[in-house]
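The chains referred to below are lettered A, B, ... by the order of the sequence lines, with proteins before strands, and numbering in each begins at 1.
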There are 2 protein chains.
Amino acid sequence: MQDVARLANVSIATVSFTVNNSKPVSPATRARVEAAMQELGFRRNAVGRALASKRTHILALLYPALQHRFRGTVVDFFTSAASTASERGYNLVLWPASNDSELDELTSTGLVDGVLLMEVQVDDPRVEQLTASRTPFALIGRTGDPSALDYVDIDFENTVAAAIEHLAQLGHTSIGLLDGGVGRGALRGYAPVVRTRESFAQEMAARGLTAFSFTCDENPAAGREAAATLMNEAPGMTALLLMNEHAGPGLVTGLHRLGMSVPADLSILSLASSREMAAMTDPDLSVLSAPSIELGRRGVELLIDQLDGGNQHERQSLVMCAFEPGNSTAPPRRAPPSE
Amino acid sequence: MQDVARLANVSIATVSFTVNNSKPVSPATRARVEAAMQELGFRRNAVGRALASKRTHILALLYPALQHRFRGTVVDFFTSAASTASERGYNLVLWPASNDSELDELTSTGLVDGVLLMEVQVDDPRVEQLTASRTPFALIGRTGDPSALDYVDIDFENTVAAAIEHLAQLGHTSIGLLDGGVGRGALRGYAPVVRTRESFAQEMAARGLTAFSFTCDENPAAGREAAATLMNEAPGMTALLLMNEHAGPGLVTGLHRLGMSVPADLSILSLASSREMAAMTDPDLSVLSAPSIELGRRGVELLIDQLDGGNQHERQSLVMCAFEPGNSTAPPRRAPPSE
DNA sequence: CTGAAAGCGCTTACAG
DNA sequence: CTGAAAGCGCTTACAG
């Protein structure tokens with residue numbers, strides 16, 4: 001910048017003004033400055049700017065990628081968040097922090113302007129840590145009591161209700177839930193599964209339907225094993241809500257191997273997943289697909305609202321999953337006894 | 001730091017020395033400084049440090065996530081690279097830069113110490129850009145002529161040869177390759193596919209085997225369509241190399257629907273993928289799995305060698321994929337006519 | 001519209 | 001072993 005100023009015969013302040021459009025500059029000197037920048041191939045140093053302005057224009061999407069594989073539908077959140085950030089003049093990067101000290105390093109050192117939190121737990125220690133460090137942040141997800149927080153999340157409650165409604169309409173009265181578990185250790189209490197379980201239990205009870213609940217790891221092999229468990233422990237079950245997209249392919253395979261047909265013998269409806277994941281199986285799954293694009297975008301908007309003092313977006317919002325029919329749900333083979 | 005210095009009754013230089021262990025400090029004053037830091041909850045500001053030391057300790061894994069979905073086996077490269085970086089005192093973040101100006105922003109502004117490049121093309125403009133900006137970088141992958149670059153890559157040449165050898169041993173003489181294409185627009189010339197095609201053609205010719213070549217998009221639906229194409233255009237083909245892990249599930253499904261059995265009617269061997277992706281299908285695929293962990297680690301080591309002046313690692317290395325048997329390869333149903 | 005100057009929070013020769 | 005001081009590359013009141 002010094003060099004540019006010298007070459008253009010202005011002060012470095014003026015260079016700064018023209019680079020940032022932060023103060024009016026006469027056309028003539030602007031032209032001189034721009035020519036000089038051209039000639040020197042000048043790029044303003046982001047670190048210097050960050051130190052002086054206390055803004056790095058970097059947002060971090062916090063995802064515990066070392067513990068929890070980054071894959072499947074969650075990837076869409078990142079993509080959407082990154083492109084929204086880019087439109088708004090920020091860079092969003094995926095920050096694979098996991099343990100406390102890494103989060104600490106991120107927040108208390110001024111490297112990023114704000115944080116977007118993913119994989120939120122019901123009782124998430126990172127929320128406290130972020131609050132304490134006064135780092136602006138927003139959640140994609142929500143804790144058990146998120147009333148004081150800025151968040152966007154899937155409306156699991158209504159999504160589960162819609163899922164059960166769909167299956168009940170088809171005539172199912174005995175329905176199971178297969179989820180990926182609520183995690184353990186530092187990642188315990190994974191909120192989406194906690195909420196889905198609760199809503200499932202409530203809604204099934206309210207309708208007087210027979211409910212079953214299963215858990216398996218998030219991979220195809222576990223899904224394959226789960227098929228046998230399902231059939232053994234709930235032989236009368238005719239439909240399943242799947243809250244574990246990575247177990248899906250194995251589950252369907254396992255059912256086939258046991259001589260079960262999908263959807264004739266068991267309807268499957270995948271929750272909070274995506275068409276792409278649903279297309280991994282045969283038949284392809286009917287799915288309530290996660291509003292990833294919208295949540296990624298809204299999360300970034302909330303964060304930038306905090307940063308730029310805007311206040312234009314709903315600070316807390318829930319979005320339903322959208323039903324996308326596949327070929328894995330149908331009426332049960334034997335109609336339920338009509339009273 | 002000012003505050004700490006005042007409270008501990010030392011200069012800020014001394015605080016810096018004890019924080020960084022950059023100069024000897026007497027135990028007594030070290031204790032005073034540390035007590036003061038404790039009391040004030042001091043964390044050294046990373047931006048200030050970066051400006052003074054010209055080091056941010058951030059590495060960027062460059063992946064064009066907005067164009068090319070970040071998923072599947074490539075995710076393992078990131079995870080491995082991130083944990084290696086973390087062990088070595090750096091933060092590695094996923095930087096979804098795609099167009100020139102975004103890359104420019106990354107490199108010419110001093111925000112990151114170095115860059116790890118993924119999804120390398122045969123003629124990759126980013127290499128030139130990185131070189132011109134004097135940003136330290138290493139490749140996970142390699143260009144057409146990488147002789148001057150630091151890189152780690154899969155040894156596609158020998159991996160393809162091993163794959164063909166495996167199938168030839170089983171008795172196959174008519175073998176196809178189904179890849180995901182070499183990309184178009186800014187992402188044209190995707191090096192892994194270019195290399196695989198070349199090696200495939202050479203090795204098949206050298207062995208006097210009958211070769212077929214197919215391309216389809218990287219998703220299950222495209223794989224399903226490809227099944228029909230394969231059967232129509234190469235009815236005599238008995239084995240297939242799959243260089244398109246995301247088409248795999250659809251491909252197998254599509255074959256089944258056409259009444260083809262895997263591996264009895266068609267053997268499939270997946271290249272540069274992973275057991276996890278291979279487990280998505282039924283039967284699970286035999287796979288030459290990508291050495292993701294090792295390449296992610298080595299890529300970061302190369303980069304840190306440049307940064308810290310170390311020189312301890314091979315600057316160019318190729319790693320073979322490891323064969324992991326699944327259930328998708330077998331001798332062809334009809335033995336080939338024995339001359 | 002433009003400039004001189006202070007300051008962002010550190011690191012690092014240089015002296016002692 | 002410790003400190004005073006310059007400097008990293010910018011931004012931003014403050015003056016003019």
Side-chain angles (χ1 to χ4, degrees), chain A residues 1-34 36-37 40-58 89 105-113 133-135 307-308, chain B residues 1-34 36-37 40-58 89 105-113 133-135 307-308:
Chain A
M1 200 172 248
Q2 299 270 25
D3 300 338
V4 174
R6 202 172 310 131
L7 184 60
N9 238 289
V10 296
S11 72
I12 61 166
T14 302
V15 177
S16 176
F17 300 152
T18 99
V19 168
N20 299 313
N21 277 313
S22 45
K23 281 200 185 174
V25 173
S26 79
T29 86
R30 166 177 298 275
R32 273 211 322 283
V33 171
E34 278 167 355
M37 295 198 301
L40 268 47
F42 170 78
R43 306 242 69 216
R44 113 154 113 3
N45 178 297
V47 179
R49 171 164 88 135
L51 186 60
S53 67
K54 302 183 161 302
R55 289 302 205 82
T56 64
H57 287 264
I58 298 183
E105 172 140 13
L106 204 181
T107 58
S108 0
T109 61
L111 269 178
V112 302
D113 287 350
S133 73
R134 309 177 143 286
T135 308
L307 260 24
D308 292 356
Chain B
M1 200 173 247
Q2 300 269 26
D3 301 338
V4 173
R6 201 173 310 130
L7 184 59
N9 238 289
V10 295
S11 73
I12 61 166
T14 303
V15 177
S16 176
F17 301 152
T18 99
V19 168
N20 299 314
N21 277 311
S22 46
K23 281 200 185 176
V25 174
S26 77
T29 88
R30 167 176 297 275
R32 275 212 319 282
V33 171
E34 278 167 354
M37 295 198 302
L40 269 47
F42 170 78
R43 307 243 69 214
R44 114 153 113 4
N45 179 297
V47 180
R49 171 165 88 134
L51 187 58
S53 66
K54 302 185 161 302
R55 290 300 206 81
T56 64
H57 287 264
I58 299 183
E105 171 140 14
L106 204 182
T107 58
S108 2
T109 60
L111 269 179
V112 301
D113 287 349
S133 71
R134 309 178 142 283
T135 308
L307 261 23
D308 293 355

Which nucleotide wins on minimum distance to the side chain of [X], given the candidates [options]?
X       : options                : result
B/Ala52 : C/dA5, C/dG7, C/dT11   : C/dT11
B/Ile12 : D/dT12, C/dC10, C/dT12 : C/dC10
B/Asn45 : D/dA4, D/dT11, C/dC10  : C/dC10

Please determine whether a side-chain nitrogen or oxygen atom of [X] lies at a distance below 4.0 Å from atom OP1 or OP2 of [N].
X       : N      : answer
A/Ser11 : C/dG3  : yes
B/Lys54 : D/dG9  : yes
B/Thr14 : D/dG3  : yes
A/Arg49 : C/dC8  : no
A/Ser16 : D/dT11 : yes

Find the distance [X]:[atom1] to [N]:[atom2] and express it as a whole number of Å.
X        : N      : atom1 : atom2 : result
A/Arg55  : C/dG7  : CZ    : P     : 22 Å
A/Arg44  : D/dC8  : CZ    : C1'   : 17 Å
A/Met1   : D/dC8  : CE    : P     : 14 Å
B/Leu51  : D/dG7  : CG    : C1'   : 9 Å
B/Leu111 : D/dC8  : CG    : C1'   : 15 Å
A/Phe17  : D/dA13 : CZ    : C1'   : 9 Å
B/His57  : C/dT11 : NE2   : C1'   : 12 Å
A/Arg32  : C/dC1  : CZ    : C1'   : 12 Å

Self-check item: Any side-chain heavy-atom pair of B/Val15 and B/Glu34 under 4.5 Å
Solution: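 B/Val15 does not reach B/Glu34 side chain to side chain.
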
Quiz item: Hey, are the side chains of A/Phe42 and A/Val19 touching, using non-hydrogen atoms and a 4.5 Å cut-off?
Solution: yes

Quiz item: With distance as the sole test, does A/Arg55 use its side chain to make a donor-acceptor pair with the main-chain N or O of A/Leu307 at under 3.5 Å?
Solution: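 Yes, A/Arg55 side chain to A/Leu307 backbone: donor-acceptor pair under 3.5 Å.
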
Quiz item: Counting N and O atoms only, with roles assigned by atom type, does the side chain of A/Asn45 sit under 3.5 Å from a partner on the main chain of A/Val47, one being a donor and the other an acceptor?
Solution: yes

For a quick check of understanding: with a heavy-atom distance under 4.0 Å over all strands, which category does [X] fall into, base, sugar-phosphate or nothing?
X       : value
B/Val10 : sugar-phosphate
B/Thr29 : sugar-phosphate
A/Ser26 : sugar-phosphate

Self-check item: Test log, rule side-chain contact (heavy atoms from CB on, under 4.5 Å), inputs B/Gln2 and B/Ile12
Solution: CA-CA 6 Å; B/Gln2 300 269 26; B/Ile12 61 166; 3.8 Å; yes

Exercise. Look through every strand shown and name the nucleotide pairing with C/dA13 as Watson-Crick or G-U wobble, where both distances are under 3.5 Å.
Key: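 Paired with no nucleotide.
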
Quiz item: Counting only Watson-Crick or G-U wobble pairs whose two distances fall under 3.5 Å, which nucleotide matches D/dA4?
Solution: none

Quiz prompt | Given DNA chain D, 5'-ward residue of the pair A/Asn20 and B/Arg30, judged by closest heavy atom | solution =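 Its nearest nucleotide being more 5', the pick is B/Arg30.
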
Quiz prompt | Derivation of the side-chain contact (heavy atoms from CB on, under 4.5 Å) call for A/Thr107 and A/Arg134 | solution = CA-CA 8 Å; A/Thr107 58; A/Arg134 309 177 143 286; over 6 Å; no

Quiz prompt | Given DNA chain C, 5'-ward residue of the pair B/Lys23 and B/Gly48, judged by closest heavy atom | solution = B/Gly48

